[in-house]
Amino acid sequence: MTETLTVQERAAIPVFTADELLRASSDALAEARRRFEGIAEVPLEEATPESVFDVWDQANMVLEDAFGPISLLNSVHPEAAVRDAGDRALIDESIFLTELFQNERLFERVRRVVPVTAAQKQLKKDLLEAFEDSGVALPSDKRERFKAISERLTELSQEFARNIRENKTVLRFTPEECVGLPKSYLDRVPKDGEGNIVVGFDYPDYVPFMMNSASAEARKRYYIANQNRGTPRNVEIMDEIVALRKEIADLYEVPSFAHYATRRQMVENPETVIRFLGEVKGAVTDAELRDLRQLREVKAQMTGVAVERAKIQRWDVSYYRERLRERRYAIDQESLREYFPTLPTLHWILDITERLYGVRFEERRVPVWDNDVFYLDVKDAGTGDLIGGIYLDLYPRADKYKHAAAWPVRGGSRKANRKPISALVANLDRRGLTHDEMETLLHEFGHVMHGVLSETQYNQHSGTNVERDFVEAPSQMYEEWGSRLESLSMLRDHCPTCPPVDESLASRIRAAKRFGEGIDYGRQHLYAAFDMALSGENPGKSLEVWKAMESATPMGYVEGTAFPGTFEHIASGYAAGYYGYMWAKAIALDLLSAFGDDLMNQNTGRRFRDLILSRGGEQPGRELVERFLGRPVSTAAFFAEVRGQ
Ligand SMILES: [Zn+2]
């Protein structure tokens, strides 16, 4: 027991070498196995919350101490040997978990426990569902098949992610193709001997190029390459994943993988998702066409062709959207970088988070996997008590995970006095952020706070262990702090030499952000509908399904692109769940209503911390939200936004 507590109280995570990682993995599995066997030995009539749930939670923390860091290092460690060892260890863990939740003796004991508290009742429900989802009730041949499928799915999603993360493709663009690109960009990116720029698929390379290069041909070339960054192999992998998921549905004798997956989410069934996506489609169709019409007008003006003949291609969207923002709102993303220098902006986010939630951040030196990474203790501002810790890994480097994400490396537990740790991983420009990048940082900060402010009884309920269609609500909500004067005005405290953000700029930022949301929501709808099609009753081949669906959109399918090979969300855990971004956005916009016109209201912030963030998955998301709001959830604000009202 003492040994476990030492690990739990250490507010930092181990940075394993490859050997240490494999040893930590096998030690944790052996120790957890020993503890779970102890539960299986409990006489049935003695199965209580203490003898079953408490021991289970301890075993869960033993696993988490190893696999929390492993899962993170697997995506961010600079050494291939460590990342590869992580792949191996995570497969072992996935096999272990499937066997665990197929164990009938454990299942029996969990079933026998009579919960006393609400958290115990929820934990019993969660565990029983995990048993059911791993096939404990299936006949033994089907159970074996389920196990084999799970292992294969883990391997395939790892290979899928690796092909993108470690893609070494570079593109070269001539000085003529770089016309329009900001000088700061051209100064920063590498050149070859002939004066061409050499760029890859990191966001700081790709996004500013697509927004600013005046050469449509160059943008087209870059767009098509980027849509193929998953390599042809990833399309094959996606097809195998989709077929295996359909086989899971068959094992369970349900019509589709979506039926299997959505029963654990807020929506409860695929019909609710389909109905929701239908409503989104109804609301977004006109808004998307209206936005495209405005982009065509800008293109017509700039190229001298008639509006009717000015077609907006996919590689034109960012470019003409930027030109429209410059013309109409006097805003362009590149020039915003001087308002949002990267480190001061981060300090500002820390500051507003401290005020809102009554916490304090203190930087502390701990072992890290790369020199750019740093760590902060999170303390309660009132009591000075340590609450948890966060790691920040903000900049691109070779072989690193390419998107922005938060890793819940360690969950908390009041019972075990265990402090949560989360890691924020992004690929930001070092010198300054566009408004989009600043929102991304706020978004991930929302996840990190959901993880770190957790005060659940059980480790298994900690932080972002909530329904997948709820988990994006706190993060999407936090994006709003990047667009309102109440919070933006505090930027000056962290960068006295930066140009000030006044109400005129803040309102132009909001207006510029709103323009083009019809196109964005149209795209989100397409992704979600595609995901549901692949999780449906007759999934088909992913690229063919995609071609058909994208062809039916106003901008059509671009020949030679292979988006399914890049769709990491559904190659991993978001299958039949991508709709959850928009579902949770509806909740996020509703949650915001509680702040009214004062985003920095500390009472509301504190209530949000206490009623939502600290509660993790101890209760269903809907109950938490409705207690916070004092009324049922409403989607009115969301549909008004989708319609562009
Ligand atoms: Zn997110």
Side-chain angles (χ1 to χ4, degrees), residues 68 71-72 75-76 157 161 164-165 203 207 261 265-267 273 276 280 346 349 352-353 357 390-394 400-409 411 420-428 433-454 462-483 513 517 520-521 523-525 527-528 531 566-592 608 612-613 615-617 621 624-625 638 641:
S71 161
L72 172 67
S75 291
V76 299
S157 70
I164 294 175
R165 188 179 67 223
Y203 287 149
V207 175
Q265 309 305 331
M266 280 179 89
V267 292
V273 180
F276 174 67
V280 173
L346 173 69
I349 293 177
I352 58 174
T353 306
Y357 297 137
I390 56 176
Y391 286 83
L392 298 160
D393 182 351
L394 302 177
K400 179 182 152 177
Y401 179 76
K402 296 291 175 217
H403 307 284
W407 264 261
V409 184
I421 294 179
S422 293
L424 192 161
V425 178
N427 288 278
L428 302 174
L433 305 179
T434 63
H435 189 257
D436 296 346
E437 289 170 329
M438 188 252 263
E439 274 192 341
T440 297
L441 191 53
L442 281 164
H443 176 105
E444 300 310 335
F445 227 85
H447 283 309
V448 158
M449 284 300 112
H450 198 182
V452 114
L453 295 180
S454 198
S462 186
T464 48
N465 284 315
V466 298
E467 296 105 317
R468 201 190 302 128
D469 48 8
F470 174 56
V471 74
E472 299 292 334
S475 54
Q476 295 190 93
M477 185 189 92
Y478 215 32
E479 292 173 18
E480 185 76 5
W481 273 254
S483 300
K513 180 171 123 69
E517 282 193 334
D520 293 342
Y521 279 116
R523 196 73 183 160
Q524 289 297 308
H525 174 271
Y527 290 157
D531 170 32
T566 69
F567 204 3
E568 273 187 276
H569 279 90
I570 58 168
S572 55
Y574 271 74
Y578 196 86
Y579 75 88
Y581 278 96
M582 287 190 290
W583 184 268
K585 177 81 179 193
I587 298 170
L589 292 180
D590 205 19
L591 287 169
L592 269 177
F608 189 74
I612 308 260
L613 297 178
R615 299 300 311 282
L624 296 180
V625 170
F638 172 73
E641 177 165 307

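Counting convention: from 1, in listed order, for ligands and their atoms alike. Index from 1, following the sequence.
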* **Minimum heavy-atom distance L424-F445, with the two atoms named** => CD1-CD1, 3.6 Å

* Structure fact -> Count of protein N, O or S atoms below 2.8 Å from the Zn ion (ligand 1) equals 3

* side chain to side chain donor-acceptor pair (under 3.5 Å) partner of H569, the single match among Y574, Y527, Y581 -> Y581

* **Aromatic plane relationship, Y579 with W583 - under 30° parallel, 30 to 60° tilted, over 60° perpendicular** => perpendicular

* To do: Answer yes or no: is there an ion pair linking K513 with E439, defined by an N-O contact shorter than 4.0 Å?
  => yes

* When L72 is tested against each of I421, D393, V409 for side-chain contact (heavy atoms from CB on, under 4.5 Å), which residue passes? -> V409

* **H435 vs S483 side-chain heavy atoms within contact, under 4.5 Å** => yes

